[in-house]
Amino acid sequence: MNLTLRPAARTDLLVRCAIGTVTAAQAVISLLSLTFTLEVNPIRDPVSDYALHRASRAWFTLAVLLALAGAGALALAARIVAMPVSTGAAVLFGLWALALVTVLVFRGNASAAESTVHGEVHRVAGAVLFGTLPSASASLSRQLLGRPGWARASVRVRTGAVIGLITAFLFGVAQFVPTLPQGLLERIALLAELAILVSVARAIRGATR
């Protein structure tokens, strides 16, 4: 009996895993935002502040690992279906994943007044995190547009890219305007990032069907 899955079945399984893990990552972040409001203010404080508290640290780590797992599943699915990904887009996607790992390994500063090496590395990685994924998906959308069978997928990816770029820009503005709700804007930008992964997953599924 041959238990090897056909390429279409493998792709569908990977897409389902990607959507499931990314959705779970967002669910964990939402749970943290609702549960640990005394430790981390979801309106003002960054998501990574959950890593500074023992009770929420493991949950924050789980959310990051779930997002990485979803991205890994997408990368495998894209390879199986020969998704036309340019070198530039692939590099940007890789930088996003690297930034996500860096954010997890290097914790942020405990306060705005504190400045540490690991905190600055974390801050730079955060900027890369929110800038690369929308840019990568925008590049991918342009690449898909003229390819047979990928036109509809291009629209889905482009929509996610536009939303991601807008929310990332607003979060970036909040870094220079302290009166803006930085924590809330970051959570919205992060939701857009995870939605981009889902849009790519749906694009792969739509193209294969």
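For clarity, every value in this text was computed on a predicted model and none was experimentally measured. Residue numbers count from 1 along this sequence.
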*Asks:* Looking at CZ of Arg187 and CD1 of Ile43, how far apart are the two atoms once the value is rounded to the nearest 0.5 Å?
*Replies:* 8.0 Å

*Asks:* When rounded to the nearest 0.5 angstrom, what distance separates CZ in Arg142 from OG in Ser137?
*Replies:* 9.5 Å

*Asks:* Determine, using the 4.5 Å side-chain heavy-atom cutoff (strictly less than), whether Leu34 and Ile29 are members of one ILVMFWY cluster.
*Replies:* no

*Asks:* For the residue pair Ala192 and Ile163, what are the closest heavy atoms and their distance?
*Replies:* CB-CG2, 4.1 Å

*Asks:* Any donor and acceptor pair, going by atom type alone, linking the side chain of Thr167 with main-chain N or O of Gly164 inside 3.5 Å?
*Replies:* yes

*Asks:* Let me confirm one number: the CG-OG distance from Leu104 to Ser48, rounded to the nearest 0.5 Å.
*Replies:* 10.5 Å

*Asks:* Taking it one step at a time, do Arg57 and Arg107 satisfy side chain to side chain contact (heavy atoms under 4.5 Å, CB included)?
*Replies:* CA-CA 11 Å; Arg57 187 177 303 153; Arg107 294 179 188 170; 3.3 Å; yes

*Asks:* Just verifying a value: how many Å separate Leu133 CG and Leu100 CG, rounded to the nearest 0.5 Å?
*Replies:* 10.0 Å

*Asks:* Locate the shortest heavy-atom distance separating Ala138 from Ala161; write the atom from each residue and the value.
*Replies:* N-CB, 3.6 Å

*Asks:* Indicate, with yes or no, if Leu65 and Val105 share a hydrophobic cluster defined by side-chain heavy-atom contacts under 4.5 Å among Ile, Leu, Val, Met, Phe, Trp and Tyr.
*Replies:* yes

*Asks:* Give, for atom OG1 of Thr11 and atom CG of Leu76, the distance between the pair rounded to the nearest 0.5 Å.
*Replies:* 10.0 Å

*Asks:* Specify the closest pair of heavy atoms between Ala153 and Ala203, including all atoms of both residues, with the distance to one decimal.
*Replies:* CB-CB, 3.5 Å

*Asks:* Contact between Thr102 and His122 at the side-chain level, heavy atoms closer than 4.5 Å - yes or no?
*Replies:* no

*Asks:* What's the shortest heavy-atom distance between Val28 and Ala63, and which atoms?
*Replies:* CG1-CB, 3.9 Å

*Asks:* Check whether any side-chain heavy atom of Leu165 sits under 4.5 Å from a side-chain heavy atom of Ser135, and report yes or no.
*Replies:* yes

*Asks:* Same cluster or not: Leu129 versus Leu185, using hydrophobic residues (I, L, V, M, F, W, Y) connected whenever any side-chain heavy atoms lie under 4.5 Å apart?
*Replies:* yes

*Asks:* Is atom CZ of Arg152 surrounded by more than 12 heavy atoms (other residues, nucleotides or ligands) closer than 6.0 Å?
*Replies:* no

*Asks:* Would you mind reporting whether Val200 and Arg156 have side-chain heavy atoms less than 4.5 Å apart?
*Replies:* no

*Asks:* Does one side chain, of Trp96 or Glu193, offer a donor that lies under 3.5 Å from an acceptor on the other?
*Replies:* yes

*Asks:* Donor-acceptor check, side chain of His118 to backbone of Phe106, threshold 3.5 angstrom: yes or no?
*Replies:* no

*Asks:* Between Leu68 and Val101, does the side chain to side chain contact (heavy atoms under 4.5 Å, CB included) criterion hold? Intermediate values first, please.
*Replies:* CA-CA 8 Å; Leu68 284 170; Val101 173; 3.8 Å; yes

*Asks:* Do Ser199 and Thr159 have side chains that approach each other closer than 4.5 Å (heavy atoms only, starting at C-beta)?
*Replies:* no

*Asks:* If you take all heavy atoms of Ala99 and Val128, which pair is closest and at what distance?
*Replies:* CB-CG1, 3.9 Å

*Asks:* Among Thr132, Leu98, Leu140, Leu74, exactly one meets side chain to side chain contact (heavy atoms under 4.5 Å, CB included) together with Phe93. Which residue is that?
*Replies:* Leu140

*Asks:* Heavy atoms, side chains only, cut-off 4.5 Å: are Gln143 and Met83 in contact?
*Replies:* no

*Asks:* Show me the pairs that pass ring-ring contact (aromatic ring centres under 6.0 Å, His included) and involve residues 153-189, at least two apart or across chains.
*Replies:* Phe130-Phe171

*Asks:* Restricting to non-hydrogen atoms, name the atom on Ala168 and the atom on Ala189 that form the minimum distance, rounded to 0.1 Å.
*Replies:* N-CB, 4.3 Å

*Asks:* Rounded to the nearest 0.5 Å, what separates atom CG in Asp45 from atom CG in Leu184?
*Replies:* 12.0 Å

*Asks:* Sequence neighbours excluded, which residues qualify as side-chain contact (heavy atoms from CB on, under 4.5 Å) partners of Arg44?
*Replies:* Asn41

*Asks:* Between Gln26 and Ser30, does any side-chain donor sit less than 3.5 Å from a side-chain acceptor?
*Replies:* yes

*Asks:* Using side-chain heavy atoms (C-beta onward) and a distance below 4.5 Å, is Leu180 in contact with Val173?
*Replies:* yes

*Asks:* Quick one: does any side-chain atom of Thr21 pair with a main-chain N or O of Ala18 as donor and acceptor, under 3.5 Å?
*Replies:* yes

*Asks:* Decide yes or no for Asp12 and Arg16: does some side-chain heavy atom of the first lie under 4.5 Å from some side-chain heavy atom of the second?
*Replies:* yes

*Asks:* With a 4.5 Å cut-off on side-chain heavy-atom distances among I, L, V, M, F, W and Y, is there a chain of contacts connecting Trp59 to Leu66?
*Replies:* yes

*Asks:* Would Ile196 end up clustered with Ile19 when hydrophobic side chains under 4.5 Å apart are linked, directly or stepwise?
*Replies:* yes

